[in-house]
*Asks:* 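This is the structure I have questions about; it appears just below.
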Amino acid sequence: AQTLGGNRYEFYQKLLSVDWDNELALEIDLRHAIERQELQLYYQPKVDLRTGEIVGAEALLRWFQQAKGFISPAKFIPIAEETGLIKPISDWVLKTACKHTKLLHQEGLGFIRVAVNLSGYQFNQEELPQQLLKITLSAGIEPKFIEFELTESLLIADVKLAVDKLKLLKSLGIKIAIDDFGTRYSSLNYLQQLPFDILKIDQCFVRDIEHNSKKQAITKAIIDMAHQLGLKVIAEGVETAGELQFLCQNGCDEMQGYLFSRPLPFRDFKQLVKSKAIL
Ligand code: C2E
Ligand code: CA
Ligand code: CA
Ligand code: CA
């Protein structure tokens, strides 16, 4: 009880500085993440719901920090965006994804498409199309095997500019997916104006869909609308057989989720595809 004052001081000290310290420490560590080879790309399979085959994968960034262990991309990507570190990180992601795509093709798995999540920084870069060409060329793959996943928040700034950029990217053969569909305010407006190829239904609609008639109504409508617009529909975050069954019965094209597989290190993903593929 005598040391309460001291403890209390430390407690307040901690309370006041904890977030700031954490963010700053993370930023400092993040600066070295690439050179220390602490970043990895994991791959989560995308499965065709008609054939049950793996047709692609989403590349998901992982950071294994020496002292702190695994740090979620949801936590460090915003810091990377704020500090400009997103530039070297995004470049590394795109290069690594293309390198891995080439390795898959060399194993006879040339049907696999790899999706990369685009950061705001990357999307706003004027030279993105040239950079994409450069990276795919040096990796030895065609851009048509790469998909970009974009969230609505990236598009807000200037829709006209976004339309032009997406058209240019598509002319190179790349496919464009709208990610987390339905979680923001202007999804329908974007859908009307922007030339997407793929719509990803957010996991919040998928979760327990078989027990929720409102989610069912919304999801059915999204799938029908997307198909009428000529888009392919992927459901993300599929965890149960009940969710899968509803999506199959209602014409969803592809799925991704823990039910089939968690995101895997590249080697494990490659092995999984090889073991399932009829070569
Ligand atoms: P996202 O693009 O919406 O990715 C889907 C997230 O759902 C991933 O989280 C994935 O691991 C997780 N997930 C997949 N299947 C299931 C499931 O069945 N159940 C549940 N509960 N979750 C599932 P993750 O890997 O933690 O990534 C979080 C977010 O970080 C991503 O959301 C994406 O916005 C961002 N991110 C990840 N990698 C990159 C990257 O390379 N670049 C950029 N710019 N952002 C990235
Ligand atoms: Ca995504
Ligand atoms: Ca998503
Ligand atoms: Ca998300």
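All ligand and atom numbering here is 1-based and tracks the order in the structure.
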*Asks:* Which of the numbered atoms in ligand 1 are under 4.0 angstrom from any heavy atom belonging to Ser119?
*Replies:*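 Answer, ordered by atom number: 44 (N).
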*Asks:* For the residue pair Phe269 and Leu104, establish whether any side-chain heavy-atom pair is separated by less than 4.5 Å.
*Replies:* yes
*Asks:* Which option wins on minimum heavy-atom distance to atom 39 (C) of ligand 1: Ile86, Thr96, Thr183, Ile77?
*Replies:*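 Heavy atom nearest to atom 39 (C) of ligand 1 belongs to Ile77.
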*Asks:* Can you tell me which residue among Lys215, Gln249, Glu243 is in a side chain to side chain contact (heavy atoms under 4.5 Å, CB included) with Glu210?
*Replies:*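 It is Glu243, the one option of Lys215, Gln249, Glu243 that forms the side chain to side chain contact (heavy atoms under 4.5 Å, CB included) with Glu210.
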*Asks:* Between Val206, Asn117, Leu94, Asp202, flag the one that comes closest to atom 33 (C) of ligand 1 by a heavy atom.
*Replies:*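 It is Asn117 whose heavy atom sits nearest to atom 33 (C) of ligand 1.
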*Asks:* Who gets closest to atom 22 (N) of ligand 1 by heavy atom: Trp92, Tyr258, Tyr42, Phe70?
*Replies:* Tyr258
*Asks:* With heavy-atom distances below 4.0 Å as the criterion, list the atoms of ligand 1 near Gly257.
*Replies:*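 Going through ligand 1 atom by atom, the ones under 4.0 Å from Gly257 are 15 (N), 18 (O).
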*Asks:* Do Ile176 and Phe148 come within less than 4.5 Å of each other through their side chains, counting heavy atoms only?
*Replies:* yes
*Asks:* Using the Ca ion (ligand 3) as the vertex, how large is the angle between OE1 of Glu236 and OD1 of Asp180, rounded to 10 degrees?
*Replies:*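 Between OE1 of Glu236 and OD1 of Asp180, at the Ca ion (ligand 3), the angle is about 150°.
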*Asks:* Taking side chain as C-beta onward, heavy atoms only, is Val163 less than 4.5 Å from Val159?
*Replies:* yes
*Asks:* Is Lys46 close to Glu58 at the side-chain level, that is, under 4.5 Å between some pair of heavy atoms?
*Replies:*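 Answer yes - side chains close enough.
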*Asks:* For Glu58, is the nearest heavy atom under 4.0 Å from an atom of ligand 1?
*Replies:*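 True for this residue.
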*Asks:* Relative to atom 3 (O) of ligand 1, which among Leu154, Asp180, Leu118 owns the nearest non-hydrogen atom?
*Replies:*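 Answer by nearest heavy atom: Asp180.
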*Asks:* I want to check something: taking the side chain as every heavy atom from C-beta on, are Asn212 and Arg207 in contact at a cut-off of under 4.5 Å?
*Replies:*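 Contact flag for Asn212/Arg207 side chains = no.
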*Asks:* Once rounded to 10°, what is the value of the angle centred on the Ca ion (ligand 2) between Asp179 OD2 and Asn117 OD1?
*Replies:*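 The two atoms form an angle at the metal of about 90°.
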*Asks:* For the residue pair Lys165 and Phe123, would you count it as a cation-pi contact if the rule is NZ or CZ under 6.0 angstrom from the ring centre and within 45 degrees of the ring axis?
*Replies:* yes
*Asks:* Check each atom of ligand 1 against the heavy atoms of Val93 and keep those under 4.0 Å away; list them by number with element.
*Replies:* 41 (O)
*Asks:* Among the N, O or S atoms that Glu149 has, which is closest to the Ca ion (ligand 2)?
*Replies:*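 In Glu149, the heteroatom (N, O or S) nearest the Ca ion (ligand 2) is OE1.
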*Asks:* For a side-chain contact (heavy atoms from CB on, under 4.5 Å) check, start with the C-alpha distance between Leu49 and Asp253, then their side-chain angles and the critical distance, and finish with the verdict.
*Replies:* CA-CA 6 Å; Leu49 285 178; Asp253 302 294; over 6 Å; no
*Asks:* When you look at His105 and Phe145, which way does the ring pair (Phe, Tyr, Trp, His ring centres under 6.0 Å) test go after all the steps?
*Replies:* CA-CA 10 Å; His105 290 194; Phe145 294 108; 4.3 Å; yes
*Asks:* For Gln44, counting its heavy atoms only, list the atoms of ligand 1 lying under 4.0 Å from any of them.
*Replies:* 14 (C), 15 (N)
*Asks:* Please test Glu147 against Arg113 for salt bridge (charged side-chain N to carboxylate O under 4.0 Å, His left out), starting from the C-alpha separation and ending with a verdict.
*Replies:* CA-CA 7 Å; Glu147 286 172 11; Arg113 317 170 327 247; 2.4 Å; yes
*Asks:* Is the shortest distance from a heavy atom of Gln256 to ligand 1 less than 4.0 Å?
*Replies:*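 False for this residue.
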*Asks:* For the side chain to side chain contact (heavy atoms under 4.5 Å, CB included) test, which of Gln245, Lys220, Gln216 pairs with Asn250?
*Replies:* Lys220
*Asks:* Of the backbone atoms (N, CA, C, O) and the side-chain heavy atoms from C-beta on, which set of Val238 has a member under 4.0 Å from an atom of ligand 1: side chain, backbone, both, or neither?
*Replies:* backbone
*Asks:* With a 4.0 Å cut-off on heavy atoms, is Arg62 touching ligand 1?
*Replies:* yes
*Asks:* Tell me, do Ile178 and Leu194 make a side-chain contact under 4.5 Å, heavy atoms counted?
*Replies:*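 In short, these two side chains do not touch, never coming nearer than 4.5 Å.
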*Asks:* Which of the numbered atoms in ligand 1 are below 4.0 angstrom from a heavy atom of Pro263?
*Replies:* 11 (O)
*Asks:* Using a 3.5 Å cut-off on N or O atoms only, is Ser72 in polar contact with ligand 1?
*Replies:* no
*Asks:* Nearest to the Ca ion (ligand 2), which N, O or S atom of Glu58 do we find?
*Replies:* OE2
*Asks:* Quick one: does Leu61 get an N or O within less than 3.5 Å of an N or O on ligand 1?
*Replies:*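 Leu61 vs ligand 1: N/O contact under 3.5 Å present.
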